[in-house]
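Read the structure below first, then the notes.
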Amino acid sequence: MPSHFKFKEYCPLVFKYLRERFGIDDIEFRESLTRSQPIITDARGKSGAKFYMSYDRMFIIKTLTSEEVEKMHSFLKHYHPYVVEKHGNTLLPQYLGMYRLTLDGDQYYFKVMRNVFSPRLKVHQ
């Protein structure tokens with residue numbers, strides 16, 4: 001690891017609770033994201049964001065700008081109560097974590113979402 005390396009998790013208790021509501025085990029979540037290097041995809045967001053998949057294709061990782069991090073914080077104020085009210089039964093994207101990685105002074109922001117096309121879920125229609 002580089003000598004100037006920091007990792008920050010935003011709103012850890014909120015996202016832990018959301019993962020619980022979506023039936024995602026914290027150990028499996030961490031293993032999926034750390035066991036092997038993420039796979040980069042060809043997809044790009046409007047802001048130029050890059051998308052990655054966890055090695056097992058269970059989760060999508062999307063890079064964010066600092067402005068998008070602020071918007072996500074604001075969005076969580078409405079998203080979290082809605083998911084709680086619906087007991088995790090929603091067609092909205094399943095946001096599972098938001099992080100900042102600082103590497104040699106450069107900051108990288110990203111969020112993790114469930115991949116709706118993961119190999120564990122079969123597309124039936």
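Any value given below was found using the heavy atoms of this structure, including those in side chains, with hydrogens, waters and symmetry copies removed.
For the side-chain hydrogen bond (donor to acceptor under 3.5 Å, both in side chains) condition, the pairs that include at least one residue of residues 68-78, sequence neighbours left out, are Ser47-Glu68, Thr65-Glu68. Pairs of residues two or more places apart, or lying in two chains, that qualify as side-chain hydrogen bond (donor to acceptor under 3.5 Å, both in side chains) and include a residue from residues 82-100 are Arg21-His87, Gln94-Arg114.
With rounding to the nearest 0.5 Å, the separation of CE in Met113 from CD1 in Ile61 is 9.0 Å. Distance check: Ile60 CD1 to Met53 CE gives 5.5 Å after rounding to the nearest 0.5 Å. To the nearest 0.5 Å, atoms CG (Asp106) and CG (Leu101) are separated by 9.5 Å. Atom CG of Leu92 sits about 6.0 Å away from atom CZ of Phe75, to the nearest 0.5 Å.
For Glu31, the side-chain hydrogen bond (donor to acceptor under 3.5 Å, both in side chains) test picks out Arg35, with sequence neighbours left out. Residues satisfying the side-chain contact (heavy atoms from CB on, under 4.5 Å) criterion with Thr63, sequence neighbours excluded, are Ala49, Lys50, Tyr52. Evaluation of the salt bridge (charged side-chain N to carboxylate O under 4.0 Å, His left out) rule for Glu20 yields Lys16 as partners, not counting sequence neighbours.
In the hydrophobic cluster analysis, where Ile, Leu, Val, Met, Phe, Trp and Tyr join through side-chain heavy atoms closer than 4.5 angstrom, Met72 is grouped together with Val83. Taking hydrophobic clusters as Ile, Leu, Val, Met, Phe, Trp and Tyr residues chained together by side-chain heavy-atom distances below 4.5 Å, Phe7 shares a cluster with Val14.
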inquiry  = With side chain to side chain contact (heavy atoms under 4.5 Å, CB included) as the criterion, how do Phe59 and Ile24 come out once you've worked through the C-alpha distance, each side chain's angles and the decisive distance to 0.1 Å?
reply    = CA-CA 11 Å; Phe59 304 106; Ile24 296 172; 4.0 Å; yes
request  = Check the pair Lys111 / Leu64 against side chain to side chain contact (heavy atoms under 4.5 Å, CB included), numbers first and verdict last.
outcome  = CA-CA 7 Å; Lys111 65 183 171 186; Leu64 302 171; 3.9 Å; yes
query = How far apart are the C-alpha atoms of Leu96 and Phe22, what are their side-chain angles, what is the distance that settles it, and do they pass the side chain to side chain contact (heavy atoms under 4.5 Å, CB included) test?
reply = CA-CA 9 Å; Leu96 308 172; Phe22 293 132; 3.7 Å; yes
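Closest heavy-atom contact between Gly97 and Phe15: N-CD2, 3.4 Å. Of all heavy-atom pairs between Pro93 and Tyr79, the closest is O-OH, 2.6 Å.
Residues Tyr109 and Ser66 have side chains in contact (heavy-atom distance under 4.5 Å, counting atoms from C-beta outward). Looking only at side-chain heavy atoms (C-beta outward), Phe29 and Val112 come within less than 4.5 Å of each other. Counting heavy atoms from C-beta on, the side chains of Leu76 and Tyr10 never come closer than 4.5 Å.
Connectivity analysis of hydrophobic side chains (ILVMFWY, heavy atoms under 4.5 Å, direct or indirect) links Val84 to Tyr17.
Side chain of Ser32 to backbone of Glu28: no donor-acceptor contact under 3.5 angstrom is found. Looking at Thr102, its side chain never comes within 3.5 Å of a backbone N or O of Phe5 through a donor-acceptor pair.
None of Asp42, Ile40, Thr41, Ile39 except one satisfies the side-chain contact (heavy atoms from CB on, under 4.5 Å) rule with Phe51; the exception is Thr41.
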